[in-house]
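What's counted below: heavy atoms across the whole structure, side chains too, no hydrogens, waters or symmetry copies. All figures in this text were calculated on a predicted structure; none of them were measured in a lab.
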Amino acid sequence: MLFHPQSEADIRAMLEAIGVKDIEELWAQVPARLRLGRDLELGPPLSEAVVEREMLAQAEANRDLKHTLCFLGAGTYFHHVPNLVPALLSRGEFLTAYTPYQAEVSQGTLQAMFEFQTLIVELTGMEVANASMYDGAEATAEAVLMAGRMRPKNTNGPVLVSQALNPAYRATVETYLRHSGREIKTIPLNPDGATDLDRLRAELPGALCLVAQSPNFFGCIEDWPAIMAAVKDSDLVRIAVVTEALSLALLKPPGHCSADIVGGSGQSFGIPPALGGPHLGFLAGRDADVRRMPGRLVGQTADQEGRRGFVLTLSTREQHIRREKATSNICTNHGLMALAATIYLARQGGHGLLRLAKQNHELAERLKQKLAAAGFKPRFSAPGFNEFTIELGADAQTVAERLAGKGILAGLPLGRFFPELSTCLLIAVTEMLSETDLDQLVAALAEVKQ
Amino acid sequence: MLFHPQSEADIRAMLEAIGVKDIEELWAQVPARLRLGRDLELGPPLSEAVVEREMLAQAEANRDLKHTLCFLGAGTYFHHVPNLVPALLSRGEFLTAYTPYQAEVSQGTLQAMFEFQTLIVELTGMEVANASMYDGAEATAEAVLMAGRMRPKNTNGPVLVSQALNPAYRATVETYLRHSGREIKTIPLNPDGATDLDRLRAELPGALCLVAQSPNFFGCIEDWPAIMAAVKDSDLVRIAVVTEALSLALLKPPGHCSADIVGGSGQSFGIPPALGGPHLGFLAGRDADVRRMPGRLVGQTADQEGRRGFVLTLSTREQHIRREKATSNICTNHGLMALAATIYLARQGGHGLLRLAKQNHELAERLKQKLAAAGFKPRFSAPGFNEFTIELGADAQTVAERLAGKGILAGLPLGRFFPELSTCLLIAVTEMLSETDLDQLVAALAEVKQ
Amino acid sequence: MNPPGKRTGLIWDEPLLFELHPDQAPEPTLGARVPSPARSAQSAQPSTIPSALLRETPPRIPDLSEPEVLRHYSRLSSWNYGVDQGFYPLGSCTMKHNPRLNEAVAALPGFAFIHPEQPADQVQGALRLMHELARALAEISGMDAVSLQPAAGAHGELCGMLMIRAYHQARGDARRKVLIPDTAHGTNPASSALAGYEVVEVPTGPDGLLHPDTVAEFMDESVAGLMLTNPNTLGLFESYIAEVAEAVHKKGGLVYGDGANLNALMGIARPGDMGIDVIQFNLHKTFSTPHGGGGPGAGPVGVKKHLEPYLPVPIITERQGRYDYDWDRPQSIGKVGQYYGNFGVMVRAGAYIRRLGGQGLAEASRLAILNANYLRVKLRDHFHLPHPDACLHECVFSDKGLPSEVTTLDLAKRLMDYGFHPPTIYFPLVVHGALMVEPTESESKETLDQFIEAMVQISREARENPDLLQSAPQRTPVGRLDEVRAARKPILRWQP
Amino acid sequence: MNPPGKRTGLIWDEPLLFELHPDQAPEPTLGARVPSPARSAQSAQPSTIPSALLRETPPRIPDLSEPEVLRHYSRLSSWNYGVDQGFYPLGSCTMKHNPRLNEAVAALPGFAFIHPEQPADQVQGALRLMHELARALAEISGMDAVSLQPAAGAHGELCGMLMIRAYHQARGDARRKVLIPDTAHGTNPASSALAGYEVVEVPTGPDGLLHPDTVAEFMDESVAGLMLTNPNTLGLFESYIAEVAEAVHKKGGLVYGDGANLNALMGIARPGDMGIDVIQFNLHKTFSTPHGGGGPGAGPVGVKKHLEPYLPVPIITERQGRYDYDWDRPQSIGKVGQYYGNFGVMVRAGAYIRRLGGQGLAEASRLAILNANYLRVKLRDHFHLPHPDACLHECVFSDKGLPSEVTTLDLAKRLMDYGFHPPTIYFPLVVHGALMVEPTESESKETLDQFIEAMVQISREARENPDLLQSAPQRTPVGRLDEVRAARKPILRWQP
Ligand SMILES: Cc1ncc(COP(=O)(O)O)c(C=O)c1O
Ligand SMILES: Cc1ncc(COP(=O)(O)O)c(C=O)c1O
C-alpha cells in the first residue's frame, strides 16, 4: 500500500462507526455547486521507481556545482557540506518533528536550538540570537522593522542603506517597507569599495537605522570600528549584515563594535546552495532589546525536580499569542537549517572554523594575485575576505557566458545590479577550489580576453 | 578534529596516569626488529571534501545501471530499491551495532531478524531459516555441508548438481568440497532447459544430496513436484537453490514440495547490485534439522516479568561455543542486508510482492514475444520467470559488447560458462524496464544482426 | 493500552555542546585535526587585512571529533518525537507522513548543488520543476497563477496581503483595514499588520462559521479585504464562503484564503471556485515535506488573474520548452526573499504530487477527513465537542466538563505518557481550553483506536486520579518544564 | 556518574510486523496500493507457467503503508544500541567510529548500482578502487598480494587455510593438522576444520603468550601450519612471534595470522615482517566500516609471494592504467563467494584509508593502544587483571575476586543500566569469567572516565548490593532475557 494505511475493511468499519454510508457524506457542509466534480488533472499515480527516474533526469538537466568550477558567490557559497550533517538531519526524530511547542517531547530540537543561539551569539559577538529566520534578506528586513520598534518615536526617519548591501537584501527591505512610507536612502561607496563615511555622517540626522554589510556585496571588508565611530553620536540603530557567515571566524564581529542588530545568512554552515533555498537566516541583538526581536527564542529552565530543560520562551512577542501586535508574523522558521549550522559548527570547532576561514581568504588572495599578473585588476582596493570584484575591461555578462559554456562559473557579472559595473565580475573563492582550479580560471579569462 | 577525540592535554594526562613517558613505551612488548620504523606509504591525510571529490570521480568512471538499459541478471537483479530501505538502514542504532550478543540492548536487531527468519520461512515454504549467510553461493555450499551432517553415515557419496546451477554457486561448492574427497556429479539438462530427471534418477544411488536451482541459471522454472517425485524413494538431501528470490512470490516454493534445504540469494529484496556485494544469502531448513544448520538463529523468549523478547539461540552450533565442532565457521554474517530485505518485504506486502513478481514475469514474456517476432528464438522451451536464454545465431560476446557501447547491457553472453552456448544470451527483465526499453533492445539486436 | 512506564528507558544524560570539552584546548596538533580541504600553505596571519579588522580570539566552539558530534546529536535526537516515532495529531499542522523518496530526490546533486545565480540554461531541470509545480498548485486550488517565492505559510500570507495592497494602490484606492474572523490563526492578523493594515476581528456564528450578513456589516470602502481559512481552524467548512466572498467583492474588497488547511479539500473543492482571490499553500503541511522541528517550509502564493501583475519577481516562464526567469514585471510587489523560494522543499512537494497524481491527492484528502471524523465520533462522548456534528480534516474539543483542577495542558502532558504527541492546545482561541486534533490520512485505524483508548482512559483518570495528569509527563527525558521561570529571567544562551 | 533510571523513557510497545495488521486483507484497492512501476496490463494469471508450478496463495506478509513500515522499524531501532549511541567496548570487535563519508560514497550510483557482470571497461573506477585497496592493505600488513573476495573475517580464514592446503597439496605434501593456541577466537578452529584440518590446541604460557619451544614440541611434518592472532585475544603482543614462525617454517608449516586485531599495529609493525604467510583483514573492524547489527563485513586475505598462485579467482589486474579481472589462474583455490567480495564495504574502507593516510592510520593505532592502557591502569585495582602490566588495543579482566554470587554476566548487564554497551564476556576462554574491553581510538578521555567510574561503582555494588547486578538490567526495553528457555524449546519464527 502507498502512504495511506487504511484497508478497505478499516474504511468500512470507520464509516459504520461514524454512521455514514460513504466518505462523500462527510462533506455535506460543502455546497454542491462549490464541489469540483471532476478529477484533478495531474496525471495518474506513479510508482516510486518511475518518479525517481523522472526526477533524476530532471536533476541531471541541471549543471551541478560538483561538476563545474564554481566562482559564484554573491550571497550563496559553495562550501563543503560534511556528510555528518545530512546524516544527522535525516534522523526522523529531528526531520519529522515540528515546532517544539510541547517541550518535554522536544528536548532534542530545543537543546540544539539553544546551542544554535549560543553559537550565533559567539560568532556575531552579540548577546542574544533567535532560533532562525528564513534567509538573510528576510532577516535584514526584520532587523529594520525591529529597529522601528526600538525607536518607536522615530516613525518617519529614513533607513540608511549602504550601496554595497546585497541587492536582493535591499529589494526585500524595500518590499517590507514600501507601504510604510519610510524612505530608504543609499549611502554610496568610496572609490576603495567601502561605504563612504562622510556621506553617511551627512545623512545621520533623523535616520532610523543604518544597514551595512561586511564583507560587502563587492567583497570588501567594511571597517566596523570606523563606521561605529562615525555614527557614535547618533541615535540610529546600527544593523550589521553578514552574507558570508564564515567570515565571522576571522573578522572582528560587528557585535564587538557596538552593533545593535546583526542579521544575515548562515548558508555557508553546512547548507547546500539548492538554487537559493532553503537557506538560513539569523538575527542577533542585545539583551535589552530581546522583547522587540522577531522569531522564536529557546530558553533554559528546569522541571519540578530541578533537571535542566529547554522551552520556547518570550512567546508574547509572537503571532500565536499577540496576533496583530506581534513583533513578526513568522511561525514556521528554518529550524532544520539552524540544526544543520549547529552540527556544522560543532564539527568544525572554533579552531577548525578559523583555519577554514583563513584558507578561504588565502586562496582568494592568491587568485587576486594571479589575475593581476594576467592583467586583470581588482576594481576596489579595500581588503576582502573570500570574494572580490575584478575589472575585465569587457562586458562581463558576455565573458561569464562564454566561460559558463566551458564549465566555469567565473563569477557574477555585476551589470544587472549596477549598470556602471557592467565590465566587472564578482568572484568568490572557497575551499572547494584547488590551486589548479584557480589557474584554470585565469587561463580561461586570459583566453577570452584575447 | 578528525575521528579521534583526544586533545593533547588528554593524551598527556592519560600517559601520566599510565605512568609512561610516551605512547611508544606502550608497545615495549614489540621487539625492536619487528617494528616498522617508517611511515606507511599511503599518502597524506586528506580532507573529507577532497576524498569525496576523488571518490565521486572514481564512481563516475563506472557506467551505472541508472544510466543504462540493463538486461543483465544471472544472479544479480536490478530491481527498484525503495528509498525507505536505505533511510532506515542508515539509522545509527541499526548501522553501528554489532552482533546482538547482549540481547537487552539489541532488541531492535533481534526482533527484525526474527521477522526476517519468519519471512524467509514463509517465502520458501520451509520451517526454519537462519539470520543470513554471506551470499547465495556460500549459502549453497553451506547447504551441502549441512547435508553431510544430516547424513553422517554418507561420508563418500557424491553431490549431484544440476547443470543449470549458477556457475559461481557451483564453483563455490567446489571450493568448499575440494579437500573432502567428495565427488560432484553434474546432472545435465533436457533440451527444454530443465534438469533431466532420467539422468537424475540414474545417479541417485549413494548420492548425498541433490542441488538444483529454480528458476535455473538459464531462466527455466524447474518442476519441483516432478523432481521431488523423482527422488522420492532416495535418502538424498534435497537442496533447492533460488537466485531470484522475487520468484518465490509467484512460484510454488520448494518447501511446499518437500525440499530439505532451501538456500539462495535475497539480493532482489532491496539490495543494490554493488558489483556483487554485499548481497544476502539465506538458508532455510526443516525443524528437525535445526541443530545441523549453520549460522545465527534468533529465538523468542521472555524476561523475568514475562515480557516477550528475542535472543540469539542454539549457539552450541556455532564457532564461538563449539569451535572446531561447529556447524560452520560463520561469525559476522550479513545482518544489515537481512534487515534491508525485511524492510523491503514489509514495504511490499504479500500482495505487492506477488504483483511485482507477475509484472516481472509478464514483461519478460512480452520481450520474448517481441524478440521472437524479430527472429530471435528462445533457446529453451521450459517456462520461465523473468529471465530467459535467447539464441542469437552469432557470437553473443561480440553482440553484447556492441550493444554495451550503445548503453544497453543486453544480457549475459553464455559462452564463458558454457562454450556450447556461445551464441546465446541470458536476458533478465525487471520492473525497471518499460515497454519502450524492451523495444529498444529488440531494435538494437535486430540492427546488429544485419 | 499499555499502562505507562513499566520499564525505565536509557535516557542519556547529554550535556550541552559547550560542556563536552569544557576547557578549550589550544589549536589541536597535526594528526588529530581535519586536514585542509585543499593543500595550502598555512600562514599565521592574513596579510592583507588590517589587524583592527580581525577577530581577537577564535570563536569559542569546542574542538570535537566526528564521533563526539555524531553521538551528541544522535542522543539529542532520541529526546525528540517525530511523525516517524508515533502519532502526532498536532491540529492545524497536518503532520502527515514524509515519504523518503522526497528526501532522496531533493539530495540529488542536480537539485541540491545548483547556484541561484547560475545562468538559466544551466538549470533548466530546476526551472521546469518549479514551473510544473506552480501549474499543479494552480490546478489543485483553482487559481490562475502561482509564485513559489514565500518561504513559509506566514510569508505567503504577507506576500498575498502586499499584493492586495498593491492592487488597491494601483487603483488609487487607499484602504486601511482587513477583516479577520475570530477563528483565525495568529499569523493572519500578524501578516495583515505587517502589510500595514489595521486588523478588524469579525465574530463567527455559534455554528463556528462566518456569516455573510456579519461580513456585510463590517464591509465598507475602507476595507481592503477579508482573510479567512477554509476549512476553518475548527475543522469546519465555511459553507457560506461564496456569499461571504460576494459580500467582500461587492464593496471592492478582496478575499485572502489561508490555504494551510488544504489537506481537507484536494480533489473535492477548490478555493479558486469559491471567490477567493489569493491563497497561500503550505507545502510542509499538505504536500508532505518534513516539518524539520520547525521548518523549513514553503508558502507559495496563488492568485486570480487580476492579481497576477503583482506577484513577486522573478516569475518562471516557459516558452517553447525553454524556461527562464522573468524579472520585468513593473507592477510586482518586488522580492519577498533572497531568491526564488525554498527550492529544496519544492522538489519534495513535486515528487509527492507526481507520485500520488490527482487520484492519490484526492484520496489523501478523503482519508484525512475519514480519520478526523472517526476520532470525532469516537471521542465526542468523552470530551466536549463544541461542534459535534461535523468536521473535515480536524476536530476541536474543549475543556468543558473536565474536573476543574485539570487543564487541557495536563491532558496534553498525560498523553505523552501514553506514547502520543499531544494535539494542538489552546487554539483556536474561540474554544475555551481547546484541544485540536488533526490525525491526517497517514494514520491507521489501529493507531486511532489506540489514541482513542488512551484519551478515554485519561478522561477517566482526570476524574478519578487527577494527580496522574497534573504530574505528567513521567516518561519523558525531563518532567514538566517551568515556562514561567524561563520567561521571567530569560537564559537564552549558554555561558561558561 | 548519573544513578540509573530516575526517569522512565518512552519505550514503544511495538508488536511484530505480522501482528500489525493481523488479518490479511484481500488485495488492496486501486487508490491505496503501490502503482505498478511500469504501466503494464494486469493479467489475472501468468499464462505461460503451468498452474502446478505456481504458488497457491500469496505469501502471508501484511500489506502495510509506507508510514507504518517506517514507524515500525524506527521504533525497533530505538531498542538498539550502536556506537552512535554510546560507548561500545566489545572486545575483539573494534567498535570504532563509522564516518558518514563512507556511507555517502558507498551509496553513489556509480558504486552501488553497477552489475558484477558488466564488462570491465564499464567499471574501471570500481576495479581501480579494488586494486588500490588491495595495494594499501599489502602496504599496511607487509604482505605481497591481497584478494578482496572473502565476505568476513572467518571467510578470510577459511580462504587462507584452503590456500595453505593447496600449497601443501601442490608439493605433494599431505598434512592433516593445524596448531591453534588456546587463546584463539572460535572462528580459527572452525575455519581450520572447515578446510579439512584436524585442530590441535597449543597451550600458551602463564604470560599469555605462545612460546617457540611449545610450538616446536607440537610441530612435525603432519602439521600444515599454525594459526594465531597477533596481538592475541588477551590484547598482548606475541613477542616470540618471529621465533614461533621460525619453528613452524622449519618443519615446512605455514603461519596463518588472524588479522582481526590489526587495529593495534598500523604503522607500528607489520605481520608480513614477522614471518606470517597469510592473514585476513577485517575491514569492518580496523577500517571503520559499520558492523550493521552483525555484518556485512569484508575479510580480504593477504599472502606472501609463495601463496600468491593460490589466491581465489578472479584477481584484479592493472596494466597501463587499465584494470581487468584475471580468471586464468590454474593453481587458484577457485571461488569462495559468488563474485568479487563485498565491494560496498571496500568502498567504505577505501575512503577511510584515503582520508587518514599513513599518518592517520598510525595515529588511530597509537590512540587505540593509549585508550586501552588507560582503562587497564585505571581499573586494575578494582578488577582482577590476569596480565596487569601490558596490553595493546584491549585488555581482559577476570571474575576473580568478585563475590561468588555475582557473575561476569551480571556485571555486563549492570553496565547497561549505566548507559554502556557491555564488553565481550567469557572470551577468551583461557580467562575465567573474562571481561574483554576494547575501547578503540574513537573514545574520548571523558567517556573512558565515565566508564571507569561506572565500573568502579559496580564493583562496589557487587560487594554491597549484589542484587542490583543480579536484577540488572532495569533500564532496557526488556529485562534480562531467559536464554535457556529460548534454547530448550526454540521458537524461531512467528506463527499466527
Ligand atoms: C491555519 C494556519 N495558517 C497559517 C499558518 C502559518 O504557516 P507557517 O507556519 O508555514 O508560516 C499555519 C501554521 O501553523 C496555520 O496552521
Ligand atoms: C579475533 C577474531 N578473529 C576472527 C574473527 C572473525 O571475523 P568475522 O566475524 O568477520 O568473521 C573475529 C570476529 O569477531 C575476531 O574477533
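Here the CZ-CG distance, from C:F111 to A:L56, works out to 8.5 Å after rounding to the nearest 0.5 Å. Taking CD from C:Q122 and CG from A:D64, the interatomic distance works out to 10.0 Å, rounded to the nearest 0.5 Å. Separating the OH atom in A:Y101 from the CZ atom in C:F427 is a distance of 9.5 Å, to the nearest 0.5 Å.
Between A:Y134 and C:H155, the two ring planes are tilted [angle within 30° to 60°].
Both the backbone and the side chain of A:L26 come within contact range of chain C, with heavy atoms under 4.5 Å apart. Within the 4.5 angstrom heavy-atom criterion, atoms from both the backbone and the side chain of A:I18 approach chain C. Interface residue A:F94: backbone and side-chain heavy atoms are both found under 4.5 Å from chain C. Residue contact with chain C, scored on non-hydrogen atoms closer than 4.5 Å, involves the backbone and the side chain of A:V105 alike. A:S328 touches chain C through its backbone: at least one of N, CA, C or O sits under 4.5 Å from a heavy atom, while the side chain does not. The contact between C:E103 and chain A is made entirely by side chain atoms (from C-beta outward), counting heavy-atom distances below 4.5 Å. Using a 4.5 Å cut-off between heavy atoms, C:N282 does not touch chain A at all. Within the 4.5 angstrom heavy-atom criterion, atoms from both the backbone and the side chain of C:H185 approach chain A. Contact of A:L84 with chain C is made through the side chain alone, with heavy-atom distances under 4.5 Å. Only the side chain of A:V311 comes within contact range of chain C, judged by heavy atoms closer than 4.5 Å. For A:I11, the parts sitting under 4.5 Å from any heavy atom of chain C are the backbone and the side chain alike. For chain C, the nearby part of A:T313 is the side chain; its heavy atoms alone come within less than 4.5 Å. When heavy atoms are compared at a cutoff of 4.5 Å, A:F78 approaches chain C solely by way of its side chain, counted from C-beta outward. For C:S191, the parts lying near chain A are the backbone and the side chain together; criterion is any non-hydrogen pair under 4.5 Å. With a 4.5 angstrom heavy-atom cutoff, A:W224 touches chain C only via backbone atoms. Both the backbone and the side chain of A:R308 come within contact range of chain C, with heavy atoms under 4.5 Å apart. With a 4.5 angstrom heavy-atom cutoff, C:H115 touches chain A via backbone and side-chain atoms both.
Between A:T76 and C:Y339, the side chains place a donor N or O and an acceptor N or O closer than 3.5 Å (distance only, hydrogens not considered). No hydrogens or angles considered: nothing links the side chains of C:D482 and A:T301 as a donor-acceptor pair under 3.5 Å.
Of the possible donor and acceptor atoms, none in the side chain of A:R323 sits under 3.5 Å from a partner among the backbone N and O of C:A190. Without hydrogens or angle criteria, A:D303 side chain to C:V478 main chain gives no donor-acceptor distance under 3.5 Å. A:Q107 places no side-chain N or O within donor-acceptor distance of the main-chain N or O of C:S77, the cut-off being under 3.5 Å. No donor-acceptor distance shorter than 3.5 angstrom exists from the side chain of C:R60 to the backbone of A:E122, with no hydrogens or angles considered.
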Practice task
Could you give me the CA-CA distance, side-chain angles and deciding distance for C:Q85 and A:E93, then say whether side-chain contact (heavy atoms from CB on, under 4.5 Å) is met?
Solution key: CA-CA 7 Å; C:Q85 277 57 57; A:E93 292 88 339; 3.5 Å; yes
Problem - Test log, rule side-chain contact (heavy atoms from CB on, under 4.5 Å), inputs C:F18 and A:L119 - result: CA-CA 9 Å; C:F18 312 95; A:L119 288 164; 3.7 Å; yes
Exercise for the section: Could you check A:L250 against C:L54 for side-chain contact (heavy atoms from CB on, under 4.5 Å), going step by step and ending with a plain yes or no? Expected result: CA-CA 6 Å; A:L250 180 64; C:L54 291 174; 3.9 Å; yes
Practice task
Before giving the answer on side-chain contact (heavy atoms from CB on, under 4.5 Å), spell out for A:E127 and C:R493 the whole-Å C-alpha distance, their side-chain angles and the decisive distance to 0.1 Å.
Solution key: CA-CA 8 Å; A:E127 292 163 3; C:R493 67 177 187 278; 4.1 Å; yes
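Taking the side chain as every heavy atom from C-beta outward, C:R355 and A:E48 approach each other to under 4.5 Å.
For the salt bridge (charged side-chain N to carboxylate O under 4.0 Å, His left out) condition, the pairs that include at least one residue of residues 108-118 of chain C, sequence neighbours left out, are A:R416-C:E117.
C:Y73 pairs in a side chain to side chain donor-acceptor pair (under 3.5 Å) with only one of the listed residues (A:R347, A:E115, A:R91), which is A:E115.
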